[in-house]
2 protein chains.
Amino acid sequence: MAKPPKANSPITEHLAYLLAQANREINRQLEMRLSKEGVPVEQWRILKVLSDGNGHSMGELADAVLLNHPTLTKMVDRMVSDALVYRVQDPKDRRKVLMFVSDRGKALSKRLNSLAVSQEEHIVENYGDKSTNELKRLLESLIDSSN
Amino acid sequence: MAKPPKANSPITEHLAYLLAQANREINRQLEMRLSKEGVPVEQWRILKVLSDGNGHSMGELADAVLLNHPTLTKMVDRMVSDALVYRVQDPKDRRKVLMFVSDRGKALSKRLNSLAVSQEEHIVENYGDKSTNELKRLLESLIDSSN
DNA sequence: TGGAAAATATTGAATATTCAACAATTGAAG
DNA sequence: CTTCAATTGTTGAATATTCAATATTTTCCA
């Protein structure tokens with residue numbers, strides 16, 4: 001009854017492939033929307049995570065926004081130049097750096113969130129309410145089961 | 001009843017984020033398995049698609065393996081060096097190049113497929129038969145609805 | 001306590017990807 | 001037919017990512 005793909009079955013039957021394909025497509029759509037603000041998807045994630053107002057260490061942030069540490073460091077460098085975020089040394093643990101969002105970053109984050117929400121509304125329109133929620137539920141549980 | 005995330009809801013409620021996260025995790029697992037053969041995930045895809053024995057043009061192949069054209073060109077260059085695949089000019093349309101898999105490539109493809117299938121079996125064990133199939137179904141239909 | 005090991009973030013070199021321009025071929029319209 | 005636009009694939013420069021090494025601070029434990 002369980003059917004992982006056979007060795008000779010098409011690649012489109014592999015979960016890993018379907019995930020990559022769906023992610024690529026949805027990400028591209030989001031990227032196009034966010035390009036209105038000239039910002040890559042990763043910066044939306046960073047600003048959104050930081051928008052809880054709390055300081056987040058680089059490591060914590062890297063996990064949350066799905067980036068490797070060095071990649072995040074360099075992207076944050078750019079965002080600091082653009083005055084969207086700033087670094088503060090963590091007084092409790094001076095190895096750590098706490099990231100905060102600036103007012104300018106908050107304002108941009110709001111505009112980006114509108115674009116992201118409107119994308120998801122667009123998906124829900126075409127794909128359906130039920131499917132969307134069910135897919136989200138399954139993805140969450142896949143992620144949980146992978147830890 | 002439809003609930004796209006609100007502007008202030010956590011990023012983990014966005015479909016785009018959940019897809020990226022799940023894809024990242026599953027892809028990393030697959031990458032680790034394939035590292036036994038010293039091959040990146042994209043080469044597994046290329047070999048698998050070409051393993052139908054037919055010639056595939058670069059454009060066709062790029063779509064199928066989820067790579068941009070220049071990236072594919074350069075990866076194929078490496079695979080040609082490794083004697084895994086080879087190029088043939090399409091006689092019907094001399095703008096095109098048809099890609100074929102070599103015997104060496106076929107042999108490698110078999111080994112890679114075993115690794116990929118075993119990964120998916122492992123997922124099915126933890127995540128369940130029903131969830132896996134349901135997730136695949138939903139991903140396919142999301143992809144369809146996005147064209 | 002003292003010193004080795006672990007954790008955290010950054011850096012620089014090596015590698016990979018992307019963007020824009022190009023070359024070659026085909027299709028299509030006058 | 002002939003010329004102009006569209007398609008296909010590659011290239012080189014610019015950009016981004018990754019890997020390994022480093023610096024700093026903290027934790028552990030002998």
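Chain naming here is simple, since letters A, B, ... match the order of the sequence lines and numbering starts at 1 in each. Fair warning: this is a prediction, and the values are worked out from it, not measured in the lab.
- Residues satisfying the side chain to side chain contact (heavy atoms under 4.5 Å, CB included) criterion with A64(B), sequence neighbours excluded, are V49(B).
- For S35(B), there are no side chain to side chain contact (heavy atoms under 4.5 Å, CB included) partners at least two apart in sequence or on another chain.
- As rounded to whole Å, 15 Å separates atom C1' of dA7(C) from atom CE of M58(A).
- Within the structure, the ring-ring contact (aromatic ring centres under 6.0 Å, His included) test picks out the following pairs touching residues 18-60 of chain B (sequence neighbours left out): H14(A)-W44(B).
- Here the P atom of nucleotide dT10(D) and the CG atom of D77(B) are 7 Å apart, to the nearest Å.
- Using a 4.5 Å cut-off on side-chain heavy atoms (C-beta onward), P5(B) and K136(A) make contact.
- One can place CD of Q43(B) at 16 Å from P of dT15(C), the figure rounded to the nearest angstrom.
- Applying the salt bridge (charged side-chain N to carboxylate O under 4.0 Å, His left out) rule to pairs touching residues 34-52 of chain A yields E37(A)-R111(A), sequence neighbours excluded.
- If you take CG of L72(B) and P of dT11(D), they are 13 Å apart, rounded to a whole angstrom.
- Between E31(A) and S57(A), the one whose closest nucleotide on DNA chain C sits nearer the 5' end is S57(A).
- The pair K92(A)-D90(A) does not meet the salt-bridge criterion, since no charged nitrogen lies less than 4.0 angstrom from a carboxylate oxygen.
- Counting only residues at least two apart or in different chains, ring-ring contact (aromatic ring centres under 6.0 Å, His included) contacts with residues 94-138 of chain B comprise Y86(B)-F100(B).
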Can you give me the N/O atom pairs linking the protein to nucleotides 1-3 of chain C at distances under 3.5 Å, or say none if there are none?
none

Listing, residues 69-77 of chain A side-chain donor-acceptor contacts under 3.5 Å, not counting sequence neighbours, or none:
residue, atom, partner, partner atom, Å
T73(A), OG1, H69(A), O, 3.2
D77(A), OD1, R87(A), NH1, 3.1
D77(A), OD1, R87(A), NH2, 2.9

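- Residue pairs meeting the salt bridge (charged side-chain N to carboxylate O under 4.0 Å, His left out) criterion with at least one member in residues 13-35 of chain A, sequence neighbours excluded, are E25(A)-R28(A).
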Do any N or O atoms of the protein come closer than 3.5 Å to N or O atoms of nucleotides 23-28 of chain C, and which pairs are they?
residue, atom, partner, partner atom, Å
dT26(C), OP1, R94(B), N, 3.0

Can you list, pair by pair, the side-chain donor-acceptor contacts under 3.5 Å of residues 138-147 of chain B, counting residues two or more places apart and other chains?
residue, atom, partner, partner atom, Å
S145(B), OG, L142(B), O, 3.0
S146(B), OG, L142(B), O, 2.9
N147(B), ND2, I143(B), O, 3.3

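- Considering only residues two or more places apart in sequence or on other chains, K130(B) meets the side chain to side chain contact (heavy atoms under 4.5 Å, CB included) condition with none of them.
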Using a 4.0 Å heavy-atom cut-off, write out nucleotides 17-23 of chain D from 5' to 3' as B (base contacted by protein), S (sugar-phosphate only) or - (no contact). SBB----
